[in-house]
Amino acid sequence: MRFPLRLLIAHLMKNWFRSLLTLISVFVAIAIFGFLRMFIVGMETSLEAAASNKLVTQSAISLFSHLPMRLGQDIADHQEVESSCHWTWFGGIYIDTSPDHIWGRFGCDPDEFRAVYGDEIDLPEEAWQEWRTTKTTCIVGKNVANREKFKVGQTITLEGDLFLGNLDLEIVGIYKSRTRAFDEDTLFMHWDYMNEVSKQNGGRHDRVSTWTILLDDEKNGPTLSARIDAANEASDHRTRTLNMRAFQSQFTSMWGNLPLFFTIIGTIVLVACLMVTANTMFLNARDRVREVGILKTLGFGPKRVMMFTLVESMILCVVGGALGVLAVAPMDGRSMMFVIAAVPPSTFVEGIAIAGLLGLLSGIAPAMMAMRLSIVEAVRKRA
Amino acid sequence: MGEALFRLESVDRVYRRGTEELHVLQGLDFQVDKGEFVALMGPSGSGKSTILNIAGGLDRPDLGRVTFEGQDLGDLSEGDLAGWRARNVGFIFQAYNLIPVLTARHNVELPLLLTPLGRRRRREQAELALEVVGIGHRSGHYPKQMSGGEEQRVSIARAIATDPKLLLADEPTGDLDAENAAAILDLLCRLNEENGQTIVMVTHDPNAADRAHRVMHLEKGVLVTEATT
Ligand SMILES: Nc1ncnc2c1ncn2[C@@H]1O[C@H](COP(=O)(O)OP(=O)(O)OP(=O)(O)O)[C@@H](O)[C@H]1O
Ligand SMILES: [Mg+2]
């Protein structure tokens with residue numbers, strides 16, 4: 001079907017301000033939709049990607065309480081444990097406490113870490129070697145490196161808060177994640193180093209946040225976690241051992257009802273946007289009664305004039321929507337508030353489909369009007 | 001009488017305003033032969049435009065038949081009727097009815113979009129039509145940059161661009177001064193004489209009507225032949 005394409009362009013240009021405002025409103029609405037969606041999708045995908053052959057042992061009191069380091073040996077002694085690795089949240093301050101400089105900092109043992117997480121991240125072999133052999137080195141995730149402009153070979157200083165003392169750490173590698181369950185917003189250093197410095201400064205020491213356990217067989221998970229927790233039941237450091245998915249869902253549950261709230265907000269924004277686009281299309285239709293009459297006189301049939309009207313509204317909305325999802329695409333993989341944001345291709349498809357639907361809904365009434373318009377009435381008198 | 005191009009047979013057209021009925025045309029018969037130039041006159045509100053609209057498939061009669069080269073237009077759907085218009089009829093209006101956001105050439109190219117012609121050929125054809133009406137040099141101008149006479153020429157170029165069998169002109173000189181009106185009439189006569197273009201023209205101007213082969217007068221829904229030249 002041939003369209004008066006030039007006429008379409010002429011319309012968009014003549015009413016450029018109106019077209020632009022409409023485009024921007026769709027852009028904003030779809031960008032908000034994509035922004036809200038990336039957290040919800042991020043939560044879902046990180047839970048789905050959670051390894052089923054891993055357990056996490058944490059303090060039964062809370063995720064933020066510590067466990068004694070010596071527990072590590074007891075855990076490693078279970079025969080179902082292929083390997084295990086302790087993680088300790090260092091916290092600390094890099095430069096200042098502004099959000100730009102907030103990212104994860106953990107102490108661990110590089111060899112254990114590699115045994116458990118070696119499959120989930122990409123790190124060059126030299127980096128692994130340098131990290132394991134030098135106590136004052138660390139590795140950082142790609143996002144942290146990008147944000148802070150960190151280079152391999154650079155030394156940075158972390159100021160302790162939970163653990164005391166300042167740490168000078170040389171960055172020996174920048175890792176990339178291979179899975180949605182592992183973020184790229186974290187620094188990993190030697191636990192030995194942070195422990196030693198804290199101890200020297202009279203701060204807490206010999207404390208660990210969690211252990212991650214790599215199982216020999218995932219079906220042993222439930223019995224092993226029950227046994228570990230039972231062994232510490234009577235102690236002053238009761239434990240809670242969870243599978244990875246349950247462990248991760250603690251973070252997402254911190255969001256509470258936010259996903260629902262996001263969905264409601266997103267829907268309201270889209271409805272408001274529909275009002276804007278529908279208004280534009282009605283203004284356009286009102287301006288073009290005579291023109292539609294002329295097109296019909298020349299032999300453009302009812303279907304053609306209908307499509308012609310619809311196409312304009314679809315173009316405005318779909319272009320605005322595509323730009324909207326493109327605007328949030330760079331957020332993909334960023335870890336924010338314990339969630340790795342996700343903007344998968346499906347979000348693009350959804351965003352553009354919703355934009356298309358906006359275009360359809362706002363253009364359909366004017367398009368039907370154009371289709372039904374009586375030529376005689378439309379071209380009758382001078383405008 | 002020559003070969004009929006179109007024929008209105010016992011056509012009724014009624015407008016309803018609430019309960020009131022306005023019988024604009026009643027049992028009207030009207031035939032135009034190929035190659036004819038017919039002028040249609042009559043008082044304001046007598047239904048001249050209505051006849052033209054019905055003959056050109058812009059409007060449909062409430063009763064009666066309209067045939068074009070033997071084909072009954074009543075058999076065509078809205079969509080088919082539009083396609084039929086694109087192939088067979090060119091319209092010229094008193095108010096020119098050019099599309100203001102398009103240049104003269106792009107206005108003329110519009111109906112060519114409905115033909116199988118490619119982009120290049122459409123452009124050439126549009127430029128040729130503008131040459132024919134003597135306004136080729138203004139092809140890149142927008143309607144608001146032109147005088148009424150020039151606009152009307154562009155609208156004639158648009159009407160003849162697809163080489164339709166029938167040209168319908170509703171008071172084409174109504175908004176023009178005497179000089180421009182004469183030029184437009186010359187143009188229509190030339191199209192009729194040189195190309196054998198069939199034309200039906202509504203006019204209030206007896207001088208304009210004089211240029212036609214046949215003048216029909218419409219009064220109270222009835223057509224009377226006034227003069228034949
Ligand atoms: N949509 C309509 N609804 C009601 N009445 C209409 C409608 N269209 C036309 N009419 C009436 O039909 C009659 C004929 O109209 P038409 O336009 O054919 O007249 P005309 O002879 O062309 O007049 P003019 O010389 O003023 O152009 C007029 O009385 C007009 O008011
Ligand atoms: Mg009239």
Side-chain angles (χ1 to χ4, degrees), chain A residues 1-20 280 283-312 315-316 367-383, chain B residues 13 15 49-50 52-54 56-60 76-103 105-119 122-123 142 148 155 158-159 161-162 164 168 170-171 174-175:
Chain A
M1 201 185 259
R2 257 151 145 185
F3 282 120
L5 193 66
R6 191 172 299 275
L7 183 55
L8 191 82
I9 296 166
H11 281 157
L12 292 173
M13 310 256 277
K14 167 151 188 279
N15 293 321
W16 66 270
F17 194 60
R18 192 190 286 174
S19 306
L20 188 70
T280 302
L283 289 177
N284 284 347
R286 200 192 55 188
D287 290 355
R288 295 183 197 153
V289 169
R290 173 174 290 263
E291 183 189 292
V292 170
I294 296 169
L295 288 175
K296 284 184 147 184
T297 302
L298 296 177
F300 289 84
K303 284 203 196 92
R304 253 183 239 258
V305 293
M306 186 189 91
M307 291 301 284
F308 181 65
T309 310
L310 258 188
V311 161
E312 182 174 353
I315 285 180
L316 281 178
M368 298 296 283
M369 272 157 55
M371 191 172 104
R372 300 219 182 104
L373 184 75
S374 146
I375 306 174
V376 179
E377 310 264 317
V379 296
R380 215 174 147 70
K381 293 269 140 56
R382 235 185 198 294
Chain B
R13 185 71 177 97
Y15 288 112
S49 296
T50 306
L52 227 54
N53 292 338
I54 288 175
L58 296 182
D59 194 7
R60 294 188 192 254
L76 300 178
S77 67
E78 279 310 303
D80 291 340
L81 193 60
W84 170 84
R85 270 198 308 274
R87 286 186 303 278
N88 295 296
V89 194
F91 288 89
I92 302 160
F93 297 95
Q94 178 176 358
Y96 326 127
N97 278 341
L98 296 176
I99 291 183
V101 293
L102 296 180
T103 61
R105 175 165 70 80
H106 292 134
N107 262 285
V108 178
E109 275 190 39
L110 271 181
L112 294 167
L113 280 171
L114 299 167
T115 66
L117 296 183
R119 205 187 165 78
R122 289 204 298 271
R123 188 192 171 118
Y142 287 90
S155 105
R158 184 177 65 187
T162 54
L168 298 173
D170 197 345
E171 301 184 42
D175 280 0

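Atom set for the values below is all heavy atoms of this structure, side chains included, hydrogens, waters and symmetry mates excluded. Convention: sequence-line order gives letters A, B, ...; per-chain numbering from 1.
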Heavy-atom distances under 4.5 Å only: say whether [X] touches chain A with side chain, backbone, both or neither.
X	answer
B:R158	side chain
B:L58	both
B:L98	backbone

If you define the side chain from C-beta out and look only at heavy atoms, does anything of [X] sit under 4.5 Å from [Y]?
X	Y	value
A:R304	B:L113	no
A:M13	B:V101	no
A:V379	B:F91	no

Top of B:N88, B:I99, B:T50 for chain A proximity - count of heavy-atom pairs under 4.5 angstrom
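Of the options given, most contacts go to B:I99.
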
How far does [atom1] of [X] sit from [atom2] of [Y], to the nearest 0.5 angstrom?
X	Y	atom1	atom2	value
A:R6	B:N107	CZ	CG	11.5 Å
A:T297	B:L110	OG1	CG	11.5 Å
B:D59	A:E377	CG	CD	9.0 Å

With B:R85 via salt bridge (Lys or Arg N to Asp or Glu O under 4.0 Å) - residues at least two apart
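With neighbours one apart ignored, the set is empty.
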
Chain B contact via A:L7 - which portion, at a heavy-atom distance below 4.5 Å
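For A:L7, backbone and side chain are both near chain B.
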
Please name all residues satisfying side chain to side chain donor-acceptor pair (under 3.5 Å) with B:N53, sequence neighbours left out, ordered by chain then number.
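None.
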
With a 6.0 Å cut-off (strictly less than), is the heavy-atom count around CZ of B:R123, excluding the residue itself, greater than 12?
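No, not enclosed.
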
What pair of heavy atoms forms the shortest contact from B:A82 to A:G301, and how long is it?
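Minimum heavy-atom separation between B:A82 and A:G301: CB-CA, 3.4 Å.
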
